[in-house]
Structure formats: structure tokens, C-alpha cells
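One structure, pasted below without further comment.
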Amino acid sequence: MSRAASASAVRLAALLAGLGFVAVLIALGALFLGSARVPPADVLAVLTGRVKGVDQVVVLSLRLPRILAALLAGGALAVAGAGFQALTRNPLAEPSVLGVSSGAAFGVIVAQVFGLGSGLVQAAGIAACAFAGALVAGVTVYLIAARGGGLPVHTLLLAGVIVGIFFSSAITVLISLVDFDRLGGVVHWLLGNLGPIPPASLAVFAGLTLAGLWLVVGQARPLNLLALGEESAQQLGVDAERLKRRVFVGAALLTSAVVAFVGPIGFVGLIVPQVIRMLVGPDNRVVIPAAALGGGAFLLLADTLARNVVAPAELSVGVITALCGAPFFVYLLRARAVRSDP
Amino acid sequence: MTSPLVECRGLGFTYAPGAAGGAFAIRDLSFEVAAGEIFGVIGPNASGKTTLVRLLSRVLAPSAGQVLIGGADVGRLPRAAVARDVAVVPQDGPRDLPHTVEELVLMGRYPRAPGRFFESAADRAAAGRAMELVGVLGLRGAPLDRLSGGERQRVMLARALAQEPRLLVLDEPTAYLDLRYQVECAGLLRRLGREAGLTIVLVSHDLGFAAELCDRLLLMAGGAALRIGPPESVIDEAVLESAYGCRVLVDKHPLSGRPTVHLVYPR
């Protein structure tokens with residue numbers, strides 16, 4: 001056995017290579033498939049810059065940004081999920097289950113109602129409101145669920161559901177009060193929609209996602225120690241309070257970026273980290289970076305299905321992830337022996 | 001005489017009202033532990049032993065006084081710096097973690113380089129030495145949930161040794177061990193004190209174990225020091241009676257000559 005590289009590093013490299021290969025395959029599929037029938041030869045021609053016109057618009061302005069948005073959103077959601085799971089030591093925690101997505105969505109609707117200019121200013125404003133909403137929802141859930149320094153598994157889930165319902169209702173109230181035309185497409189967005197995303201938004205989205213990934217992925221090693229319990233982690237040199245703040249802010253940032261630009265897509269943060277853990281074990285230094293790539297590939301696959309199964313109509317990608325995610329949640333709850341509270 | 005490794009000066013701690021956790025307050029506690037010494041902390045339930053472990057390892061900050069390790073106030077050091085000096089072996093290791101023995105022991109390397117994402121070859125070598133020293137190298141690939149109580153404790157000890165600390169703090173090391181493992185544990189700690197030159201603070205309920213192993217004992221009662229000294233002066237019928245509130249008989253161990261305690265059961 002080679003002693004040059006740590007076993008975790010080898011495992012991560014192998015997993016990233018495999019997931020990268022799968023992601024490229026799915027991305028190629030997404031580039032060639034769609035309701036606008038662009039022949040494969042024409043797609044290739046557009047990519048090499050030999051064809052202009054409608055085909056070019058379809059491939060370069062519709063499909064390509066959408067592929068990037070799906071990769072970013074899926075990676076962000078999966079890493080946010082893995083971060084929340086490590087933070088709460090609860091395998092079922094993820095942005096939508098914890099109500100953080102709903103809080104961010106409420107922030108987005110508030111920003112829409114008050115209107116925030118256009119272009120870069122609008123994108124940044126919506127993202128800021130989403131982030132504020134995510135923080136408020138996350139802190140509220142924590143305050144409801146925290147008991148004597150711990151976060152009981154089921155209490156946390158219930159608190160997340162309750163806070164989620166509250167913000168969803170608040171969204172409904174805002175939508176009914178406001179002239180519906182000003183919130184065009186809001187229903188489609190609320191289900192999660194990777195539809196046309198303007199370049200300015202895509203740039204802000206990418207920037208926020210990279211910042212969030214940096215915050216969470218960088219803490220993967222101390223997050224492993226946090227699994228021992230807060231006291232043990234501290235005795236091993238982890239500044240637990242700082243760690244928890246960083247990961248919470250990072251996961252909330254990732255969640256709010258996704259909600260702001262593609263809508264509250266559920267369950268990606270649950271499915272992807274769990275499947276990776278089943279494959280390679282619990283080491284967050286492997287699970288979290290792999291979730292970034294695996295989540296992107298998963299959401300891109302779900303979106304390609306959403307675009308094509310009922311073409312020329314389109315499903316919301318959130319519908320597909322929820323259809324996969326809800327049964328998976330039940331499976332985890334029952335079969336994988338989620339520890340009950342003492 | 002060499003300067004002490006551990007100095008506790010006028011240490012006090014009070015939990016916030018209503019705080020849970022089964023630990024108790026400490027008041028005006030002062031003692032020193034010399035480098036290389038095996039120092040025992042004994043006392044009844046609720047006497048503040050666990051709180052003392054938390055103060056020594058800087059999980060808690062004292063409300064009065066200070067803890068000095070090698071002359072440095074642990075309250076002023078970052079957590080990783082404290083963990084390079086002080087390693088704690090908890091009462092019982094994690095039971096339901098999906099890690100292997102080696103993965104857990106490697107976690108002890110974190111304070112040595114907190115900024116590093118993966119452990120270096122030097123980290124893995126140190127973890128290997130720690131596992132070898134306590135005799136769990138053969139179990140390195142075993143999942144934690146397959147271990148016996150004695151094995152789990154040695155793994156926790158290996159994790160603490162991987163920190164390469166100056167002070168080793170053990171919280172109730174014999175609490176979950178049957179007789180054979182208690183004997184093994186005593187032999188191991190003695191060897192670590194002598195060969196590895198470690199300073200050891202041993203918190204124990206087990207008076208015979210503490211008296212057998214320790215150079216000096218601290219008897220705590222109600223959060224304060226009732227007596228500090230060599231086992232013969234602390235394991236004393238009158239002293240123990242006032243600390244524990246029950247009658248005991250003190251005898252000598254037929255082989256080691258160290259004091260042993262017999263309980264007087266009601267008839």
C-alpha cells in the first residue's frame with residue numbers, strides 16, 4: 001500500500017474523476033437534447049462557431065447557461081445539505097427540510113414586490129434579500145429546536161417544517177396582495193425552474209456559489225471532529241462556535257443563491273450527500289467536495305428530464321427532485337435507523 | 001526541583017443557573033502537578049471532578065483564577081494550542097460513529113496542523129506510533145462499533161497520544177472496564193508515565209485504582225480541595241468519611257503496600 005497520499009485524498013480523487021466523467025456525459029446530453037429540435041450536427045457547428053441564427057441562440061443562449069445554472073445549483077444545494085447535516089448532526093437536515101429555502105424564497109418575493117431595478121443591481125438585491133430570509137429562517141429553527149446545548153433530531157425536523165410552512169404562507173399572502181403581473185412566472189419559479197437566466201444573474205449566482213462552497217468545503221476536516229460531539233471537538237482543538245457560524249453562513253449563502261436565481265428546489269441536499277456517504281463512508285473531506293460535483297450532475301440530469309419528458313411542454317425541475325427525494329426521505333427515516341431522541 | 005507543568009491558582013467556576021450537564025461548581029481550587037507526575041483526582045459525585053477536566057482542557061473558562069500549563073494561561077491560548085498541550089481521554093468513546101480505528105486516531109492530529117485538509121505522512125506515522133504504543137495497531141482498520149470496552153478505551157488513549165500532548169487527562173478510565181482491562185489500563189498508564197515521560201491527571205471514582213497508580217491525590221468535596229498529598233495521607237479513614245459521608249476501612253494492598261479501601265456495608 002502506498003503511504004504517500006492519505007487514503008481520503010485517494011478516495012476523493014477517484015470519486016471526483018468518476019463524477020466529473022458522468023457530469024460531462026450528462027452535460028453533452030443536455031446540450032444535444034431539447035424541445036427545439038436542433039440536429040446534432042448543427043449543435044456541433046454552433047459550438048465550433050460555424051453556424052449563426054436560431055440554432056445558435058438555442059444552444060449558446062438557452063441550453064449552455066441552463067447547463068451551467070444546473071451544475072451550480074445542484075452543487076450548491078448538495079453542499080448546503082452536507083453542511084447542515086454535519087452542523088446539526090442530523091442525517092435528514094437539508095435546506096428545504098429545515099425551512100431555510102422557504103425563508104430565502106420569502107426574501108426573494110419581498111425583493112420582487114418592492115422592485116429592485118434591473119441587471120446586476122437587481123440580481124444582487126434579490127440575492128441579498130434571499131440571504132437575509134435564509135438566515136432568519138435558520139436562526140428561528142435553531143432557537144425553536146435547541147435544547148440544553150443539543151439539537152434533538154426530530155424536534156429539529158419539526159421546527160424546520162413549521163418555519164417552512166410559515167414562510168410559504170407568508171409568500172402566499174404577499175402574492176395575493178400584489179398585482180399578479182408584477183410577479184410574472186412566480187409560480188413556475190416557486191417550483192424550481194432553471195429556465196433562461198440572464199448573464200448578469202448567472203455571474204452573481206456563480207460568485208455567491210463559489211463563496212459558499214469555499215466557506216463550507218474548507219471546514220470539512222473540523223466538521224469530522226464535530227461529529228464526536230462539541231466537547232470532544234473542542235478538546236481536539238476545534239473552535240466549535242466559529243466553525244458552526246462559518247458553516248451555517250456558508251450553507252445559508254448557498255441555499256439563498258439557488259433560491260434567488262432558480263427557485264427553492266428541494267431534496268437535492270438530502271439525496272446527493274447521503275448516496276455519496278453510502279458509497280465512500282462518512283469523511284466530510286470526501287463527501288462535501290464530491291457532493292459539489294455530484295449534486296451538479298444530479299440536478300442537470302433532473303433538469304434534462306424535466307425539459308424532455310413532456311416536450312414541448314416543460315416540467316419544473318423541483319417536481320422531479322421532489323418525486324425522487326420524498327421516497328428517499330422516508331427510506332432514510334425508516335431503514336437507516338435515524339437515532340431517536342433520548 | 002523542576003517547575004510544575006500544571007498550576008491551578010484560585011480556580012473557581014459556577015454554571016449558569018438552570019444549566020444542565022451533571023457537572024458541578026468549583027471554588028478556590030489551587031494545586032500544582034509536577035512534570036512526569038501521575039496525579040489523581042478523587043471525590044464523591046458532584047464534587048466538581050468533571051468540571052475540573054473541562055477547565056483543564058479549556059472547554060470551560062474559569063470564572064475566577066487561572067489554569068497554567070507550562071507557565072501559559074490556557075484561557076489566553078487558541079483552542080488548537082491548548083489541544084497541543086492537553087489531551088483528554090473521555091469516559092467512554094463514541095459508540096455509533098461509522099469510522100475506523102485509524103480514522104478516529106488521526107483526528108488527534110488536527111491540533112498539530114488545523115489548516116491542513118488531509119493528514120500528512122508525518123501525521124499518519126504519529127498516529128501509527130500512538131496505536132502501537134497502546135497495542136491497537138492491529139485494529140487500525142476495524143470499525144469502532146465492533147470494539148470491546150477495553151479496546152475502545154485504548155483507541156481513545158491512542159487518539160490522545162496522537163496529539164503528542166504534554167499533559168494527559170483521563171476522565172474515569174476504569175468506569176466501563178472489567179477487571180482484566182482495569183489491570184491492563186493501569187499497566188499502560190504507568191508505562192506511559194515512565195517511558196513517554198507524560199504527565200497524567202487521572203480523575204477516578206475508583207479509590208484503589210487511583211491510590212495504586214498515582215504519586216499524589218487530590219480529594220475534592222463540594223467543589224473544593226479537601227486534601228492534597230501522597231495516597232497514604234489522602235486515603236485515610238477519617239478524611240474519606242468526611243468527604244463521602246460513610247464509614248470505610250483503609251488497609252494496605254498485600255503486594256504493593258498502597259492503601260486500599262474497604263466499604264462497611266450495613267448488616
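Hydrogens, waters and symmetry mates are skipped; everything else that's a heavy atom, side chains included, is used. Throughout, protein chains are lettered first and strands after them, A, B, ... in sequence-line order, and every chain is numbered starting at 1.
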What residue pairs, at least two apart or across chains, pass salt bridge (charged side-chain N to carboxylate O under 4.0 Å, His left out) with a residue in residues 209-218 of chain A?
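Every pair satisfying salt bridge (charged side-chain N to carboxylate O under 4.0 Å, His left out) with a residue in residues 209-218 of chain A: there are none.
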
Tell me, side chain or backbone of B:V169 under 4.5 Å from chain A's heavy atoms, or both, or neither?
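Looking at B:V169, nothing touches chain A.
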
Distance check, rounded to the nearest 0.5 Å: B:M107 atom CE versus A:N224 atom CG?
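The CG atom of A:N224 is 5.0 Å from CE of B:M107, to the nearest 0.5 Å.
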
Quick one, A:Q234 and B:R79 - any side-chain contact, counting heavy atoms below 4.5 Å?
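Touching, per the 4.5 Å side-chain cut-off.
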
Heavy-atom pairs under 4.5 Å with chain A - which of B:R159, B:R112, B:Q163, B:R109 has more of them than the others?
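Top count of heavy-atom pairs under 4.5 Å with chain A: B:R159.
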
Could you measure the distance from the OG atom of A:S6 to the CZ atom of B:R116? Nearest 0.5 Å is fine.
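With rounding to 0.5 Å, OG (A:S6) is 11.0 Å from CZ (B:R116).
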
Counting only heavy atoms not in B:R191 (residues, nucleotides, ligands), do more than 12 fall under 6.0 Å from its CZ?
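Yes, enclosed.
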
I want to check something: taking the side chain as every heavy atom from C-beta on, are B:F118 and A:L12 in contact at a cut-off of under 4.5 Å?
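Side-chain contact under 4.5 Å: yes.
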
Against chain A, label B:V59 side chain, backbone, both or neither, depending on which of its atoms sit under 4.5 Å from a heavy atom there.
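B:V59 touches chain A through backbone and side-chain heavy atoms alike.
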
Relative to chain B, which of A:A227, A:A220, A:P222 shows the most heavy atom pairs under 4.5 Å?
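Result: the option with the highest number of such pairs is A:P222.
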
Within a strict 4.5 Å, meaning less than it, do heavy atoms of the B:V88 and A:L236 side chains meet?
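Answer no - side chains too far apart.
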
Answer yes if the side chains of B:S57 and A:Q235 hold a donor-acceptor pair under 3.5 Å, and no otherwise.
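Yes, side-chain donor-acceptor contact under 3.5 Å.
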
Residue-level interface, residues 237-247 of chain A with chain B, non-hydrogen cut-off under 4.5 Å:
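Within residues 237-247 of chain A, near chain B: A:G237, A:V238, A:D239.
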
Do side-chain atoms of A:R221 reach the backbone of B:P114 as a donor and acceptor pair under 3.5 angstrom?
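No, the answer is negative, given that no donor and acceptor are paired below the 3.5 Å cut-off.
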
From A:S232 atom OG to B:L104 atom CG, the distance as rounded to the nearest 0.5 Å
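Going from the OG atom of A:S232 to the CG atom of B:L104 covers 9.0 Å.
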
